[in-house]
Amino acid sequence: MSLRGKILAFFLLLLAALMLLLAGLVYRSTFDHSLQQVQTQLGFAHRVLANELQSRRQAQSAMAELIAKDFTLLGEIADLVASPQQEAQSLSAALESFASRSQAGFALVLAPDGLVLAGTSAELASGARLPWNGLLNEAEPDSAERLVVLDGRVLHVNLTPIFAPRPNLMGWLLMAFELGGSHLPDSQEVFRFPLQGLEQVALRAPLAGTDGDLQVLLMRSLSAELAHYQPLQWQLMLIFAAALVLAGLGALWIANTVSRPLAQMVENVRRIAGGDYQASVATAAGGEVGLLAHEFAAMQRGIAEREETIGFLAYRDPLTELANRNRFVAELQQALLQCQPGEGVAVLLMDLDNFKDLNDTLGHEAGDQLLRLLAGRLQELLRGGEQLARLGGDEFAVLVPHCHPGQVVPTAEHYRAALQQPFVVRGISMTLNATLGIALHPDHGESAGSLLQHAEVAMYWGKAQRSPYALYRPELDRHSLVRLALMSELKSAVEEGQLSLYFQPKLDIRARRLLGVECLVRWIHPVHGFVPPDEFIPLAEQTGNVCALTRWVVRTALAQSRAWHDQGLGLGLKTAINVSALDLADPGFAGYIAAQLAEHQVQPGSLVVEITESAVMADPEQALGQLQQLCELGVRLSIDDYGTGYSSMAQLKRLPVHELKIDKSFVQDLLSNPDDDIIVRSTVELGHNMGLRVVAEGVETDAVLQRLDQLGCDIAQGYLLSKPLAPQAFAEWLAQTHWGLPRLSA
Ligand code: C2E
Ligand code: CA
Ligand code: CA
């Protein structure tokens with residue numbers, strides 16, 4: 001039962017109970033009162049009746065005595081006694097006149113012995129004897145009277161002696177009045193009974209001076225008496241009804257002032273629980289309920305504000321104020337739901353190249369500023385319906401609804417335009433590079449999660465390929481799916497001989513003679529087959545396995561060099577190995593190299609250590625120490641992937657390096673891309689100015705080689721000569737190549 005119902009029921013029931021009780025009491029007391037009233041009235045009436053009867057009987061007795069002394073009567077009686085036959089007639093006539101004068105029923109004259117002589121009664125003719133025993137004896141010597149019933153009539157009979165004169169009894173005079181006198185009854189009885197549906201109160205009393213079979217019954221209707229109280233009862237009922245209605249209305253009002261705001265608040269709490277904070281809790285109620293509602297509204301506002309903040313934090317990237325990953329995923333899910341058949345949804349994932357180095361070099365504040373600048377530029381490029389988010393770090397994502405496969409590349413180009421102009425941070429102008437990975441619904445994924453994951457796979461692949469953007473292909477995924485598994489297997493791969501070294505020749509451009517080989521690691525996984533180094537080297541760096549791997553490369557490369565040397569193969573070729581930033585952080589690294597050189601009896605000058613530009617820049621101080629030690633050993637040092645990082649010539653100048661390797665991304669399209677030509681030319685010039693030899697990797701055509709020659713580049717490496725080859729294959733290639741071998745004297 002609701003609170004409202006309870007309040008209402010309580011009030012009404014209480015009132016009804018009270019009124020019933022009151023009505024009962026009133027009825028009881030009016031009834032008792034009425035009954036007593038009726039009884040008193042009846043008693044009074046009885047006394048009045050008794051008095052009336054008494055006085056009538058006294059008057060009648062006096063009348064009878066008077067008549068008994070009447071001379072006319074005495075004369076008539078004397079005549080009758082003298083001649084009984086004639087005179088009864090005239091005596092009866094005289095009695096007749098007496099009776100009518102005194103309003104008696106009848107009158108008789110009796111002989112002294114009690115026999116009727118004459119009279120006016122039909123029942124008691126002359127010669128009859130009185131039916132009332134003892135009345136005569138009672139009268140001797142005076143008069144007597146009594147109430148009797150004769151032939152259904154109540155009579156007051158009066159017997160008076162007739163003297164002629166005293167003490168000679170001449171006879172008796174009997175006068176009978178209808179309804180004679182009586183005495184006050186000694187005992188009376190009151191009782192009630194219904195009569196024609198009405199309650200009656202009756203008083204019954206025996207009439208004194210009778211044989212006892214004569215009783216008086218006085219009656220009064222109690223209902224009639226009670227009827228006096230009828231208006232009072234009606235009024236009471238009216239008052240009760242009014243009180244009930246008023247109490248009901250009042251209870252309803254109170255219940256409403258309490259329960260309606262409460263019910264409203266309950267409703268609002270439900271809505272708040274459902275996430276709707278706009279519902280107003282405002283209520284007109286005053287008092288405690290109003291206060292409660294007020295506090296409640298304050299709480300609701302508080303929750304709404306916090307929710308808004310949480311929502312902002314949960315769905316916004318605080319640095320750029322763009323949508324964050326959660327928001328992006330939600331929007332993507334929405335777009336997928338609304339996607340019509342035949343339409344596509346594209347996810348573009350943009351990841352800056354070498355942002356970590358830049359961050360380390362310029363500081364995090366500058367990095368943040370750069371991200372904000374980029375976010376602003378990307379936002380300006382947004383077209384209708386497209387959405388931008390920062391997924392974290394240097395990763396941005398664009399959601400392109402209604403996208404067809406043909407629009408993917410133009411869209412990627414559209415957003416890459418954000419990188420065209422250099423970014424100016426702290427007065428330094430710099431050009432940013434980024435890789436875009438693209439996945440397209442429905443071809444590349446059904447869900448937001450798989451689309452994002454595939455865009456990421458494409459992006460990593462694009463990075464590995466050094467291409468500005470890459471569209472997802474299912475083949476790419478094979479690697480990303482096994483990445484996690486590979487992480488744990490890498491260590492055992494080194495120990496179990498799953499790794500092998502491939503060799504790629506380097507050419508002295510000017511002399512057109514072979515100069516050395518670069519050792520490139522290969523992993524043939526027993527299950528996954530060939531795993532490209534671009535994929536597992538970063539893994540090895542992340543898991544800290546790369547140092548073990550590098551040491552394996554060092555000893556394998558030197559052992560192979562020793563073996564070929566012993567076989568008289570490729571004499572004078574230098575051996576180049578790749579090391580990562582972590583190796584430079586390993587304090588025993590230079591010592592290990594020295595030990596291995598000694599063990600395999602390889603001249604330090606025959607070993608080239610290639611370090612990527614970004615590895616050096618990760619921690620230049622630390623790198624410097626190791627590089628110096630290596631340099632002191634006599635090992636030659638080469639800066640790999642030059643041009644993709646953010647090192648300045650000023651920084652490079654401090655390092656004891658001998659060689660710059662221009663990244664293949666600048667070399668491959670050297671002839672078709674004038675920018676690349678400028679970069680290569682200036683790098684060659686700068687390198688030479690610093691006393692460094694310049695290597696170009698990724699040389700695939702003879703034309704590129706010619707151009708490099710023109711530009712003064714020293715060394716070439718690439719598919720033009722050979723792809724990296726397994727040891728046996730390299731030995732065979734070496735035996736039949738037209739390129740000349742190093743001059744041993746050099
Ligand atoms: P990198 O040091 O720049 O190696 C050159 C990469 O370019 C090699 O890829 C090589 O196969 C490829 N390449 C050579 N000539 C051409 C060409 O004419 N055209 C094209 N398109 N590509 C060419 P690979 O062997 O897949 O190695 C990839 C990267 O893996 C290497 O880049 C290097 O950074 C890393 N890496 C390979 N082996 C090792 C290693 O033993 N230790 C470490 N730390 N890194 C290694
Ligand atoms: Ca290399
Ligand atoms: Ca390289």
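Computed over heavy atoms, backbone and side chain alike; hydrogens, waters and symmetry mates excluded. Every number for a ligand or one of its atoms is a count from 1 in the order of the listing. Everything numeric in this text was worked out from a predicted model, so none of it was measured.
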*Asks:* Between S638 and D640, is there a donor-acceptor pair closer than 3.5 Å when you use the side chain of the first and the backbone of the second?
*Replies:*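 No, the answer is negative, given that no donor and acceptor are paired below the 3.5 Å cut-off.
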
*Asks:* Distance-only, no hydrogens or angles: does the H658 side chain make a donor-acceptor pair with backbone N or O of R636 under 3.5 Å?
*Replies:*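 Checking the backbone N and O of R636 against the side chain of H658, no donor-acceptor pair under 3.5 Å is found.
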
*Asks:* Look only at the side chain of S606 and the backbone of V602, and say whether a donor-acceptor pair between them is shorter than 3.5 Å.
*Replies:* no

*Asks:* Which of the numbered atoms in ligand 1 are under 4.0 angstrom from any heavy atom belonging to Q668?
*Replies:*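 Listed by number with element: 19 (N), 20 (C), 21 (N).
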
*Asks:* Does an N or O anywhere in V521 fall below 3.5 Å from an N or O of ligand 1?
*Replies:* yes

*Asks:* As an exercise, identify every atom of ligand 1 less than 4.0 angstrom from a heavy atom of E700.
*Replies:*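 Near E700, the atoms of ligand 1 are 17 (C), 18 (O), 19 (N), 20 (C), 21 (N).
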
*Asks:* Between R325 and E395, does at least one N-O distance fall below 4.0 Å, as a salt bridge requires?
*Replies:* yes

*Asks:* Please could you name the atoms of ligand 1 that P724 approaches to less than 4.0 Å, counting only its heavy atoms?
*Replies:* 11 (O)

*Asks:* Taking the basic N atoms (NZ, or NE/NH1/NH2) and the acidic carboxylate oxygens, is any pair closer than 4.0 Å for R510 and D714?
*Replies:*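 Here R510 does not pair with D714 in a salt bridge, since their nearest N and O are not under 4.0 Å apart.
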
*Asks:* Take every heavy atom of R522, measure it against each atom of ligand 1, and state whether any distance is under 4.0 Å.
*Replies:* yes

*Asks:* Would R416 count as a cation-pi partner of Y469, with NZ or CZ less than 6.0 Å from the six-membered ring centre and within 45° of the ring normal?
*Replies:*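 Pair R416/Y469 does not count as cation-pi.
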
*Asks:* Which ligand 1 atoms are under 4.0 Å away from a heavy-atom of G718?
*Replies:* 15 (N), 18 (O)

*Asks:* Report the part of K664 in contact with ligand 1, treating N, CA, C, O as backbone and CB onward as side chain, heavy atoms under 4.0 Å; options are side chain, backbone, both, neither.
*Replies:* side chain

*Asks:* Where the closest heavy atom to atom 15 (N) of ligand 1 is concerned, which of E697, Q717, Q504 has it?
*Replies:*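 When every heavy atom of E697, Q717, Q504 is considered, Q504 comes closest to atom 15 (N) of ligand 1.
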
*Asks:* Is the Ca ion (ligand 2) less than 3.0 Å from an N/O/S atom of N578, whether that atom is in the backbone or a side chain?
*Replies:*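 It does; at least one qualifying atom falls short of 3.0 Å.
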
*Asks:* Both conditions, 6.0 Å and 45 degrees, for the charged tip of K723 above the ring of Y719: are they met here?
*Replies:* yes

*Asks:* Is there a heavy atom of E518 sitting under 4.0 angstrom from any atom of ligand 1?
*Replies:* yes

*Asks:* Which one holds for D641 and ligand 1: side chain close, backbone close, both close, or neither close, with close meaning a heavy atom under 4.0 Å?
*Replies:* side chain

*Asks:* For Q717, run the side-chain hydrogen bond (donor to acceptor under 3.5 Å, both in side chains) check against K664, K506, K661 and tell me which one passes.
*Replies:*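 Testing Q717 for a side-chain hydrogen bond (donor to acceptor under 3.5 Å, both in side chains) against K664, K506, K661 leaves exactly one candidate, K661.
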
*Asks:* Is there a heavy atom in P532 that sits closer than 4.0 Å to ligand 1?
*Replies:*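 No, P532 has no heavy atom closer than 4.0 Å to ligand 1.
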
*Asks:* Please list, in number order, the atoms of ligand 1 under 4.0 Å from a heavy atom of D534.
*Replies:*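 Matching atoms, with element in brackets: 28 (C), 29 (C), 30 (O).
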
*Asks:* For A511, is there any backbone N or O sitting under 3.5 Å from a side-chain donor or acceptor partner on D508?
*Replies:*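 Yes; judged by distance alone, with no hydrogens or angles, the pair exists.
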
*Asks:* Taking both backbone and side chain into account, is any N, O or S atom of E610 nearer than 3.0 Å to the Ca ion (ligand 2)?
*Replies:* yes

*Asks:* Could you tell me if R377 sits above the aromatic ring of F423, with its cationic atom closer than 6.0 Å to the ring centre and no more than 45 degrees from the axis?
*Replies:* yes

*Asks:* Show which atoms of ligand 1 fall inside a sub-4.0 Å distance from at least one heavy-atom site of V699.
*Replies:*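 Atoms satisfying the 4.0 Å criterion: 18 (O).
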
*Asks:* Using a 4.0 Å heavy-atom cut-off, say whether E535 meets ligand 1 through its side chain, its backbone, both or neither.
*Replies:* neither

*Asks:* Which value, rounded to 10°, describes the OD2(D640)-the Ca ion (ligand 2)-OE2(E518) angle?
*Replies:* 170°

*Asks:* So does E697 have any N/O/S atom less than 3.0 Å away from the Ca ion (ligand 2)?
*Replies:* no

*Asks:* Would you tell me which option among L582, D640, D663 has the nearest heavy-atom contact to atom 1 (P) of ligand 1?
*Replies:* D640

*Asks:* Side chain, backbone, both or neither: which part of V553 comes within less than 4.0 Å of ligand 1 when only heavy atoms are counted?
*Replies:* side chain

*Asks:* Please find the pair of heavy atoms, one from L471 and one from A458, that lie closest to each other, and give the distance.
*Replies:* C-CB, 3.9 Å

*Asks:* For the pair R707 and D677, find out whether any cationic side-chain nitrogen is under 4.0 Å from an anionic carboxylate oxygen.
*Replies:*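 A salt bridge is present here (some side-chain N lies under 4.0 Å from a carboxylate O).
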
